[in-house]
Amino acid sequence: MADLSEQSALTEGVYLILLSMLEPRHGYAVMQYIGKLTKGRVLLGAGTLYGAINTLLEKQWIRAVGENRDSRKKAYVVTELGRKILRGELSRLEELLIIGKEELGDTRS
């Protein structure tokens, strides 16, 4: 398994895709869910989403589940490795937030 300490920062899109796949979802549902999570600020196109899905499958951060012969929709879910990646990214973002607030003298929580 790869050393997670060498993991580079996730793009916003990959971060949101992984979050959306904490529950099994097919591609279109992922796009809708991300739009809802971000209140429409992030709208992923099909090409971007499916390119990311292929990369995430190769990295074994997600896996396909419940393939149905009668349906063209494949659902995907985050693997345990994907959850570790998400937790690491969340820690990195929290650190950046704390540093930023300290440097700006921002006392808001």
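Note that the coordinates shown come from a computational prediction; the quantities given were computed from them, not determined experimentally. Throughout, numbering of the chain's residues begins at 1 and tracks the sequence.
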Task: ILVMFWY network linking Leu97 to Leu86, side-chain heavy atoms under 4.5 angstrom - done: no
Task: Over all atoms of both residues, closest heavy-atom pair of Leu49 and Gly27 - done: CD2-O, 3.2 Å
Task: From CZ (Arg63) to CG (Leu56), nearest 0.5 Å - done: 14.0 Å
Open item on the list: Any heavy-atom pair between the side chains of Leu44 and Ile17 that's under 4.5 Å?
Closed with: yes
Task: Minimum-distance pair of heavy atoms, taken over all atoms of Leu18 and Val78 - done: O-CG2, 3.1 Å
TODO: Kindly write out the residues that satisfy salt bridge (charged side-chain N to carboxylate O under 4.0 Å, His left out) with Glu12, not counting sequence neighbours, or none if the list is empty.
DONE: Arg41
Task: Salt bridge present between Arg87 and Glu80 (N-O < 4.0 angstrom) - done: yes
Task: From CD1 (Ile85) to CH2 (Trp61), nearest 0.5 Å - done: 4.5 Å
Task: Exceeds 12 heavy-atom contacts within 6.0 angstrom, atom CD of Gln32 - done: yes
Task: Over all atoms of both residues, closest heavy-atom pair of Ile53 and Ile62 - done: O-CD1, 3.8 Å
Task: Flag side-chain contact, heavy atom, 4.5 Å: Leu43 against Met31 - done: no
- [ ] Using a strict cut-off of less than 4.0 Å between a Lys/Arg side-chain nitrogen and an Asp/Glu carboxylate oxygen, indicate whether Glu95 and Arg92 qualify as a salt bridge.
- [x] no
Open item on the list: What I'd like to find out is whether the side chain of Met21 reaches to under 4.5 Å of the side chain of Val77, using heavy atoms alone.
Closed with: no
Open item on the list: As a quick check of understanding, evaluate side chain to side chain contact (heavy atoms under 4.5 Å, CB included) for Ile34 and Leu19, giving each step before the final call.
Closed with: CA-CA 9 Å; Ile34 290 172; Leu19 281 178; over 6 Å; no
TODO: Find the distance between NZ (Lys101) and CD1 (Ile98) and round it off to the nearest 0.5 Å.
DONE: 8.5 Å
Open item on the list: Quick check: do Tyr15 and Leu93 have side-chain heavy atoms less than 4.5 Å from each other?
Closed with: yes
Task: Minimum heavy-atom distance Tyr33-Ser20, with the two atoms named - done: CD2-CB, 3.5 Å
Task: Side chain proximity check, Leu22 to Arg83, heavy atoms < 4.5 angstrom - done: yes
Task: Greater than 12 external heavy atoms within 6.0 Å of Tyr28's OH - done: no
TODO: Cation-pi check, Arg25 to Tyr76: give yes when NZ or CZ is under 6.0 Å from the six-membered ring centre and within 45° of the ring axis, no otherwise.
DONE: no
- [ ] Identify the heavy atoms of Ala64 and Leu57 that sit nearest to each other, and give their distance.
- [x] N-CD2, 4.0 Å
